[in-house]
Amino acid sequence: MRRVIIKDIGEKKDILTAPFVLEMERTTANMYRLGWDERNGGNVSYLLDEREVREYLDLNRVIRTMPTGFKATELIGKIFIVTGTGKYFKNVQSDPEANLGIIRIGKDGETAELLWGYKDGGKFTSELPAHLMSHAARLRVDPENRVVIHSHPTYTLAMNYVHELDERKFTHTLWQMCTECIVVFPDGVGVLPWMLCGTNEIGEATAKKMEEFRLVIWGMHGIYGAGKTMDETFGLIETVEKAAQIYMLTAHLPRVNLIKDADMVALAEAFQVKYRRDFLDLDEA
Ligand code: 2HA
Ligand code: ZN
């Protein structure tokens, strides 16, 4: 009997080798080096498969519990790996156990059960409401959604100061900046005005936009992206940022050439994506 118990414990794999921990490390390191996430800027949450987590952790062992400050009934029992509040993306790779945490949403829907991480007594990102509410909203439209990323990409943020914060116009301008934009984010970009961050209000507003968009601009703050995988989500933000960079590099120069709306229709149709046709200026009688 004793041997069986020892064998069970011994069978757990080293969490620091878990693909989801390594993905969090690689993603935050990339974002830091791209200059998108200064200091403690940005946060990432990743919905994990319980069976996969069980290979690494004893799911009956809750280290401590933390109130989330809101109720997420739809997410009860779900497990997320989440960046820590006040933590720097710069440091995740060298000390994942202090900068990341694995939490499970408790039976009451408003308690986070810590299963691993935040080892220096820390807790989840201050933007947990926006993350969890966005997960719930995306899961309603796409049951395979797993990842939510918040970031402060430089050119996207710069564009917020010189371009109207209107989601139709903002999306249209981004689509015009790179041929592949309408194919990568045919659903467009939702835009919120400046709001106080870290609150349930901005969380609710973000989640509402997430019913329609995988990308949401937080006016004069940053961006949220959601997707099935880390690559998809990172790629969405990366593509918006590239388009915003082209915009900012050319905004003060005379525009000689333009990707026309008819060209964008041709692209969307060639790649068979469902796009926001109402975001284009087409002469349709
Ligand atoms: O946690 O980016 O929006 C740092 C932030 C807050
Ligand atoms: Zn932020």
Side-chain angles (χ1 to χ4, degrees), residues 24-25 27-46 66-70 72 80-103 112 114 117-138 147-161 165 167 170 189-210 213-227 230 233-234 236-238 240-241 244:
M24 291 291 282
E25 290 178 25
T27 304
T28 49
N30 265 332
M31 292 166 78
Y32 173 68
R33 289 196 193 100
L34 284 164
W36 298 356
D37 296 281
E38 70 294 339
R39 200 173 180 274
N40 63 321
N43 20 79
V44 182
S45 60
Y46 186 2
M66 297 166 276
T68 62
F70 63 98
F80 297 88
I81 184 163
V82 185
T83 51
T85 184
K87 301 299 189 202
Y88 294 19
F89 278 15
K90 175 170 78 69
N91 301 333
V92 175
Q93 212 152 26
S94 58
D95 194 357
E97 199 174 348
N99 293 285
L100 303 173
I102 297 181
I103 56 169
L114 183 64
Y118 306 142
K119 74 167 180 208
D120 55 4
K123 68 185 259 195
F124 45 74
T125 169
S126 59
E127 303 297 0
L128 195 72
H131 278 260
L132 292 192
M133 292 180 197
S134 293
H135 274 287
R138 286 310 303 168
V147 180
V148 172
I149 297 180
H150 167 58
S151 180
H152 305 159
T154 313
Y155 291 94
T156 305
L157 195 45
M159 188 171 161
N160 274 223
Y161 294 90
L165 288 176
E167 58 204 16
F170 205 92
V189 176
V191 176
L192 289 177
W194 185 92
M195 291 176 76
L196 187 61
C197 54
T199 62
N200 287 353
E201 288 70 29
I202 201 168
E204 282 155 16
T206 309
K208 186 96 197 81
K209 291 287 179 200
M210 284 279 180
F213 302 101
R214 288 173 298 160
L215 288 157
V216 180
I217 298 278
W218 275 12
M220 291 160 284
H221 179 142
I223 192 164
Y224 265 76
M230 203 62 89
T233 315
F234 186 87
L236 282 169
I237 297 176
E238 190 179 27
V240 166
E241 174 64 354

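Excluded from the calculations below are hydrogen atoms, water molecules and symmetry mates; all remaining heavy atoms, backbone and side chain alike, are included. Keep in mind the model is a prediction, meaning the values are calculated, not measured. Residue indices begin at 1 and follow the sequence shown. Start at 1 and go down the list; that is how both ligands and their atoms are numbered.
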Students should be able to answer this: which protein heavy-atom is nearest to atom 4 (C) of ligand 1, and at what distance?
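Protein heavy atom at minimum distance: N40 O, 3.1 Å.
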
Taking both backbone and side-chain atoms of E127, is any N or O found less than 3.5 Å from an N or O belonging to ligand 1?
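Between E127 and ligand 1, an N or O pair is found under 3.5 Å apart.
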
H221 N/O under 3.5 Å from ligand 1 N/O:
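Yes, since at least one N or O of H221 sits under 3.5 Å from an N or O of ligand 1.
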
Among N43, I202, T83, closest by any non-hydrogen atom to atom 5 (C) of ligand 1:
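Considering heavy atoms of N43, I202, T83, the nearest to atom 5 (C) of ligand 1 sits in N43.
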
Distance under 4.0 Å to a non-hydrogen atom of [X]: what atoms of ligand 1 satisfy this?
X: H150; value: 2 (O), 3 (O)
X: G42; value: 2 (O), 4 (C), 5 (C)
X: G41; value: 2 (O), 4 (C)

Which value, rounded to the nearest 0.5 Å, describes the distance between N99 atom CG and M24 atom CE?
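That separation rounds to 10.5 Å.
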
Spacing of CD belonging to E38 relative to OH belonging to Y32, to within rounding of 0.5 Å
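Reported value, rounded in 0.5 Å steps: 10.0 Å.
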
Would F170 and N160 count as a side chain to side chain contact (heavy atoms under 4.5 Å, CB included) if you check the C-alpha gap in whole Å, the side-chain angles of each, and the deciding distance to 0.1 Å?
CA-CA 9 Å; F170 205 92; N160 274 223; 3.8 Å; yes

Can K90 and D37 be counted as an ion pair, charged N to O under 4.0 angstrom?
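So K90 does not pair with D37 through a salt bridge.
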
Would you call the rings of Y224 and H150 parallel, tilted or perpendicular, where under 30° means parallel and over 60° means perpendicular?
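Answer is parallel, since the angle falls under 30°.
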
Does the separation of the ring centres of Y155 and W36 fall below 6.0 angstrom?
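Ring-ring flag for Y155/W36: false, centres at least 6.0 Å apart.
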
Mind reading off the angle at the Zn ion (ligand 2) between the NE2 atom of H152 and the NE2 atom of H150, rounded to 10°?
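Rounded to 10°, it measures 110°.
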
